[in-house]
Protein chains: 2
Amino acid sequence: MDPLSIPLIPTDSNKPSPEFFQQFEKKFKALADEKRLEILYEITRQGSVCVCDLSETIEMKQSKLSYHLKILLDAELITKETKGTWNYYQLNYTELNTLLSEKLCCVFRADDE
Amino acid sequence: MDPLSIPLIPTDSNKPSPEFFQQFEKKFKALADEKRLEILYEITRQGSVCVCDLSETIEMKQSKLSYHLKILLDAELITKETKGTWNYYQLNYTELNTLLSEKLCCVFRADDE
DNA sequence: TTTTTATATCAAGAAAAATTGATTATAAGA
DNA sequence: TCTTATAATCAATTTTTCTTGATATAAAAA
């Protein structure tokens with residue numbers, strides 16, 4: 001869901017609605033953590049990773065990793081795919097590319113394939 | 001200062017240094033607040049504003065406004081110019097455009113003039 | 001079917017960030 | 001000089017977020 005597709009409800013002097021700002025707040029909050037940026041970096045690099053892969057690259061215990069992945073997932077910056085016992089995470093290209101500059105390409109975002 | 005100019009210190013397997021991620025954490029944290037996004041939106045719209053202007057557009061008491069402006073300033077997303085008793089704030093175009101997508105133009109970022 | 005592996009979730013405590021009202025500093029005006 | 005206006009900062013409190021270890025769930029393997 002494209003965050004910019006949220007209608008700019010004309011309240012006072014055409015200012016966007018509180019919901020408009022809240023949507024972005026949620027997404028930037030998800031990005032606003034060193035550890036989550038590192039996770040995003042790894043997903044950008046590796047393409048599709050499971051929690052077990054990540055816990056090898058990133059020094060972090062499993063429950064913590066799951067906690068941070070959930071925040072990225074809830075902000076719709078990444079997506080999840082379950083295969084048996086494994087959960088694979090990948091970038092949500094559309095969302096990240098709507099949000100982030102092309103200059104951040106290949107660090108925290110990538111072009112869709 | 002361009003955040004991407006921070007050297008990607010090759011630690012383990014060329015992964016960027018903790019400092020690299022921390023810089024972005026700080027900038028995204030500054031963006032990760034509904035009220036600060038509203039402030040940024042107003043500065044984007046109005047170009048250069050003083051605290052007194054903002055407290056008319058945004059319902060927020062003066063000390064709170066100063067607090068949030070300082071966070072945006074410390075993250076180098078905006079700049080400050082003092083003229084007499086007034087402090088005028090404006091966008092740091094370079095920084096915002098390095099960080100944010102062109103799709104966010106005219107909401108939270110703008111092209112330099 | 002029992003065990004192991006992968007991962008999510010929960011509850012409690014710790015840490016960080018936000019809010020508030022008061023105070024301070026400084027410049028401009030009377 | 002005395003007063004007013006602009007805006008930063010401080011200390012105390014509240015709120016939010018993060019971390020941790022334990023537990024739950026569900027699939028795969030033995």
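Every value quoted in this text rests on a predicted model; they were computed, and no experiment measured them. What's counted below: heavy atoms across the whole structure, side chains too, no hydrogens, waters or symmetry copies. Proteins get letters first, then strands, A, B, ... in listed order; numbering begins at 1 in each.
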Discussion item. Is it the case that C/dA6 (base atoms only) and A/Gln62 (side chain only) share a donor and an acceptor within less than 3.5 Å, ignoring hydrogens and angles?
Written reply: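 No such pair is found, so the answer is no.
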
Worksheet item: Between A/Lys15 and B/Glu42, is there a side-chain N and carboxylate O pair less than 4.0 Å apart?
Response: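 Salt bridge flag = yes for B/Glu42 with A/Lys15.
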
Figure out the [atom1]/[atom2] separation between [X] and [N], and round it to whole Å.
| X | N | atom1 | atom2 | result |
| --- | --- | --- | --- | --- |
| A/Tyr67 | C/dG13 | OH | P | 18 Å |
| B/Glu25 | C/dA16 | CD | P | 11 Å |
| A/Trp86 | D/dA26 | CH2 | P | 17 Å |
| A/Glu81 | C/dA6 | CD | P | 18 Å |
| A/Phe28 | D/dT17 | CZ | P | 16 Å |
| B/Leu69 | D/dT9 | CG | P | 11 Å |
| B/Tyr88 | C/dA27 | OH | P | 16 Å |
| B/Ile71 | D/dT9 | CD1 | P | 12 Å |

Worksheet item: With distance as the sole test, does A/Arg36 use its side chain to make a donor-acceptor pair with the main-chain N or O of A/Lys29 at under 3.5 Å?
Response: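 Between the backbone of A/Lys29 and the side chain of A/Arg36 there is a qualifying donor-acceptor contact (under 3.5 Å).
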
Practice prompt. Spell out, as yes or no, whether a donor-acceptor pair under 3.5 Å connects the side chain of B/Asn97 to the backbone of B/Ala110.
Written response: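 Indeed, once roles are kept as given, a pair shorter than 3.5 Å links the two residues.
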
Out of [options], which has the shortest distance to the side chain of [X]?
| X | options | answer |
| --- | --- | --- |
| B/Lys29 | C/dA18, C/dA17, C/dT9 | C/dA17 |
| B/Arg36 | C/dA18, C/dT9, D/dA7 | C/dA18 |
| A/Cys50 | D/dA8, C/dT7, D/dT9 | C/dT7 |

At less than 4.0 Å, is any side-chain N or O atom of [X] found next to OP1 or OP2 of [N]? Yes or no.
| X | N | answer |
| --- | --- | --- |
| B/Lys80 | D/dA8 | yes |
| A/His68 | D/dT17 | no |
| B/Asn87 | D/dA8 | yes |
| B/Tyr89 | D/dA8 | yes |

Item to complete: Under 4.0 Å between any heavy atoms, over every strand shown, what does A/Lys35 touch: base, sugar-phosphate, or nothing? Just pick one.
Response: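 If one applies the 4.0 Å heavy-atom cut-off, A/Lys35 turns out to touch nothing in the nucleic acid.
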
Worksheet entry | 5′-ward residue of the pair A/Thr85/A/Lys64 relative to DNA chain D |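 In this pair, the answer is A/Lys64.
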
Worksheet item: Parallel under 30°, tilted from 30 to 60°, perpendicular over 60°: which one fits the rings of B/Phe108 and A/Phe21?
Response: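 B/Phe108 and A/Phe21: tilted rings.
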
Discussion item. Let me check something: do A/Tyr88 and A/Leu73 share a hydrophobic cluster, defined by ILVMFWY side-chain heavy atoms less than 4.5 Å apart, either directly or through other members?
Written reply: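 No; tracing contacts between hydrophobic side chains, which count when under 4.5 Å, never links both residues.
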
Worksheet item: Of B/Asp33 and A/Leu65, whose nearest nucleotide on DNA chain C comes first from the 5' end?
Response: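 The answer here is A/Leu65.
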
